[in-house]
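Order of the sequence lines fixes the chain letters, A, B, ..., with proteins taken first and strands second; residue numbering starts at 1 for each chain.
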Amino acid sequence: AQSVTQLDSQVPVFEEAPVELRCNYSSSVSVYLFWYVQYPNQGLQLLLKYLSGSTLVKGINGFEAEFNKSQTSFHLRKPSVHISDTAEYFCAVSDQSSASKIIFGSGTRLSIRP
Amino acid sequence: EPEVTQTPSHQVTQMGQEVILRCVPISNHLYFYWYRQILGQKVEFLVSFYNNEISEKSEIFDDQFSVERPDGSNFTLKIRSTKLEDSAMYFCASSATGHSVDTFGSGTRLTVV
């Protein structure tokens, strides 16, 4: 079985500062990894995903994440955040043989201060 | 941009009543899903659906739950006899390939009283 740990429940940063949202996973099998964003009163939107290939994955809105197999991590980064990035961010994992059953982390609330 | 549409956005129902949550997936997608998020908890997988049958379901998805694709566009989740603990945000999702769940709807908030 897989699990996902998002170490920070809340991350406050100043506008235009860099941000890293941490995610660690555990699994005994090969996995796919995802980051989703949920803006207030909206659904989940896929930011980026790692299925295979390059370990550095670029997503929408200037976000990127790096898959580190040895550290079982998939941290999300953005070099300069905007007020519009205020949202909840969810890291998620699925077993490659059962890709529809996504296991979500508990989420990190990113709040941007002007 | 194509989106997954869910109706209603909020539904209140009495305990023991049947409820149907409706979803219109993206038109050329073949894989459909329901997830839910109880307030303050993680998003949880309920069921996946492909080729007119359930392909996978979680322990949560017991006999009280069922899914259906009644026509070419809708995908529904039925809860036969709602319990207080069914109160949650229910998300529908769809995928073209089944390798990743790319698109979720904005959810239906179900409140059981």
Assess whether atom CD of E66(A) is packed by more than 12 heavy atoms of other residues, nucleotides or ligands within 6.0 Å.
yes
Please classify the contact of Q38(A) with chain B as side chain, backbone, both or neither, using a heavy-atom distance under 4.5 Å.
side chain
Please evaluate residues Y36(A) and F104(B) with respect to the criterion side-chain contact (heavy atoms from CB on, under 4.5 Å), reporting the C-alpha separation (whole Å), side-chain torsions for both, the decisive distance (0.1 Å), and the verdict.
CA-CA 10 Å; Y36(A) 291 89; F104(B) 283 79; 3.5 Å; yes
Quick check on I60(A): does its CD1 atom have over 12 non-hydrogen neighbours (other residues, nucleotides or ligands) under 6.0 Å away?
yes
Rounded to the nearest 0.5 Å, how far does CZ of F34(A) lie from OG of S100(B)?
5.5 Å
Bottom line for K101(A): the part with an atom under 4.5 Å from chain B's heavy atoms is both
Does atom CD (E20(A)) have a neighbourhood of more than 12 heavy atoms from anything else shown, all under 6.0 Å?
yes
Around atom CG of D63(B), are there more than 12 heavy atoms of other residues, nucleotides or ligands at under 6.0 Å?
no
Nearest atoms (heavy-atom pairs only) where G43(A) meets F91(B)
CA-CE2, 4.0 Å
Answer with side chain, backbone, both or neither: which region of L44(A) has an atom nearer than 4.5 Å to a non-hydrogen atom of chain B?
both
Quick check on the hydrophobic clustering: are I20(B) and Y90(B) connected, directly or via other members, by side-chain heavy-atom contacts under 4.5 Å?
no
CG/D102(B) to NZ/K49(A) distance, rounded to the nearest 0.5 angstrom?
4.0 Å
Under a 4.5 Å heavy-atom cut-off, does chain A meet the side chain of Q41(B), its backbone, both or neither?
neither
Within a reach of under 6.0 Å around CD of Q14(B), are more than 12 heavy atoms found that belong to other residues, nucleotides or ligands?
no
If hydrophobic clusters are built by linking Ile, Leu, Val, Met, Phe, Trp and Tyr wherever their side-chain heavy atoms come under 4.5 Å apart, do I38(B) and I102(A) end up in the same one?
no
What part of Y35(B) gets closer than 4.5 Å to chain A, counting heavy atoms only: side chain, backbone, both or neither?
side chain
Using heavy-atom distances under 4.5 Å, tell me whether Y31(B) contacts chain A through its side chain, its backbone, both, or neither.
neither
Assigning hydrophobic clusters by single linkage (Ile, Leu, Val, Met, Phe, Trp, Tyr; side-chain heavy-atom cutoff under 4.5 Å), is I26(B) placed with F75(B)?
no
Under 3.5 Å, is there a donor-acceptor pair linking the side chains of K42(B) and S106(A)?
no
